[in-house]
Amino acid sequence: MLRTFFAAKLAKLGYPSQNIHFALEYRLGDGVAFFGHIKREHVRRLAGRLLCEQGRRDFSSNRAVIRKAIKLGASFEIMKLDMKGVDYANSMYVKCHLPAGMVLSPYEKSLIEVFTGFLRADVIATSGVLTTLGYALLAASPEEEILARVISRGDCMVLVKELPDPAFNPYETFGEEDSKRIVEHLALGVYRHYGLKLEIRAVGGVLLGEATLPGIIEDLRDEGLRSAHRGKLRSLMHEASIQARGEIAKSRLKAA
């Protein structure tokens, strides 16, 4: 899910989205990095946004210089530094490739250098935003198994557990708009996601039956404890009960 989410965010901003590296293990140097060529049409859009954000005078003429350079064959690439001892954000630097024979005035060359600096700063800032969102998405799922509920049922105990769900990827299950909404809500802390597991255990803790269902999405705005469990426990109980009856039958045969 993280890689798909990062790729979608980068593509929307106009940055390369095929070569993405990330580590989000709460260690020094963690983060998100991305590399590759920035497409010509995206450079034009980035030039407009970044030059405007800097509040530079003569915005239109400065943007025209960048567009002229692109038209003459200039290109921009996010390149990779040696990762050893460097955090993810600072592993990226932006280089402008000028084709041989390109004729630019000293002012035009200096402006391209300034824009390249703006572009690198934006790349690093984008890395920071993605890193923050990545941590938020990881926090939306439990890191370990959580016992959510215990139900007494005759001679047995029914344990309802929430599990980490690392394979969860709404982009593979839902449409584009629904996936975007779900992931944004996860990043904002409005939704949680996890796998749901139901165990039937005999007195003494012997496991008789179990059933697991991944991809649970819980809306934390809903009223009631564990609202996302509604409608799921019945089918899990049915599946686990079939296993439990089989285990009980086996034990009776052994006893006989």
Side-chain angles (χ1 to χ4, degrees), residues 1-39 42-43 45-47 49-51 53-54 74-97 112-146 162-172 179-195 214-215 217 220:
M1 176 180 65
L2 286 175
R3 187 172 299 278
T4 307
F5 174 68
F6 293 151
K9 284 287 187 183
L10 289 171
K12 185 176 180 180
L13 291 170
Y15 286 124
S17 57
Q18 292 78 31
N19 190 3
I20 303 172
H21 300 261
F22 60 90
L24 300 170
E25 300 173 358
Y26 299 96
R27 296 187 303 188
L28 186 64
D30 281 0
V32 180
F34 48 95
F35 310 100
H37 288 277
I38 304 175
K39 294 181 180 180
H42 294 149
V43 175
R45 194 171 69 199
L46 285 165
R49 176 170 66 83
L50 297 179
L51 292 174
E53 285 178 357
Q54 294 298 323
S75 63
F76 294 85
E77 182 181 7
I78 304 171
M79 303 183 71
K80 183 177 182 179
L81 288 169
D82 183 4
M83 288 290 293
K84 187 176 181 180
V86 179
D87 63 35
Y88 273 68
N90 288 310
S91 70
M92 300 176 289
Y93 74 102
V94 178
K95 183 174 182 179
C96 177
H97 300 284
I112 289 176
E113 290 177 0
V114 170
F115 172 67
T116 302
F118 290 161
L119 191 54
R120 183 176 188 273
D122 191 67
V123 164
I124 292 175
T126 299
S127 169
V129 170
L130 294 182
T131 299
T132 300
L133 291 173
Y135 281 128
L137 288 174
L138 291 177
S141 179
E143 295 183 13
E144 57 187 16
E145 186 175 281
I146 298 173
E162 295 173 359
L163 312 174
D165 195 13
F168 175 74
N169 190 348
Y171 296 99
E172 296 177 354
S179 298
K180 179 181 177 181
R181 175 182 56 80
I182 289 169
V183 176
E184 293 290 349
H185 279 56
L186 288 169
L188 289 172
V190 177
Y191 286 176
R192 292 176 66 234
H193 75 90
Y194 47 85
I217 301 172
L220 297 177

Peer 1: What's the shortest heavy-atom distance between Leu13 and Leu46, and which atoms?
Peer 2: O-CD2, 3.8 Å

Peer 1: Parallel, tilted or perpendicular: which describes the rings of Phe76 and Phe115, with under 30° parallel and over 60° perpendicular?
Peer 2: perpendicular

Peer 1: Is a side-chain donor or acceptor of Thr126 paired with a backbone partner of Asp122 at a separation under 3.5 angstrom?
Peer 2: yes

Peer 1: So, for Asp165 and His193, which heavy atoms are closest and what is the spacing to 0.1 Å?
Peer 2: O-CE1, 3.6 Å

Peer 1: So His37 and His97, would you call those rings parallel, tilted or perpendicular, with 30° and 60° as cut-offs?
Peer 2: tilted

Peer 1: What are the two closest heavy atoms between Thr116 and Cys96, and how far apart are they?
Peer 2: OG1-CB, 3.8 Å

Peer 1: Any heavy-atom pair between the side chains of Tyr191 and Leu186 that's under 4.5 Å?
Peer 2: yes

Peer 1: Within this structure, what is the CZ-CG distance for the pair Arg27 and Asp87, rounded to the nearest 0.5 Å?
Peer 2: 13.5 Å

Peer 1: Answer whether the closest heavy-atom distance between the side chains of Val190 and Leu220 falls below 4.5 Å.
Peer 2: no

Peer 1: Using the rule ring pair (Phe, Tyr, Trp, His ring centres under 6.0 Å), only one of Phe6, Tyr135, Tyr88 pairs with Phe22; which is it?
Peer 2: Phe6

Peer 1: Do Pro142 and Arg192 have side chains that get closer than 4.5 Å, going by heavy atoms?
Peer 2: yes

Peer 1: Counting distance only, does the side-chain N/O of Ser141 pair as donor-acceptor with the main-chain N or O of Pro164 below 3.5 Å?
Peer 2: no

Peer 1: Would a 4.5 Å heavy-atom cut-off, applied to side chains only, mark Leu133 and Lys9 as touching?
Peer 2: yes

Peer 1: Would you indicate whether the side-chain heavy atoms of Ile78 and Ile38 approach each other to under 4.5 Å?
Peer 2: yes

Peer 1: Does any non-hydrogen side-chain atom of Leu2 lie less than 4.5 Å from one of Leu137?
Peer 2: yes

Peer 1: Measure from the ring center of Phe5 to the ring center of Tyr171 and say whether it is less than 6.0 Å.
Peer 2: no

Peer 1: Determine yes or no for a side-chain-to-main-chain donor-acceptor pair under 3.5 angstrom, with Arg120 supplying the side chain and Met92 the backbone.
Peer 2: yes

Peer 1: Does Ile124 reach the side chain of Asn90, with side-chain heavy atoms less than 4.5 Å apart?
Peer 2: yes

Peer 1: May I ask you to check whether Tyr15 and Phe34 place their ring centers less than 6.0 Å from one another?
Peer 2: yes

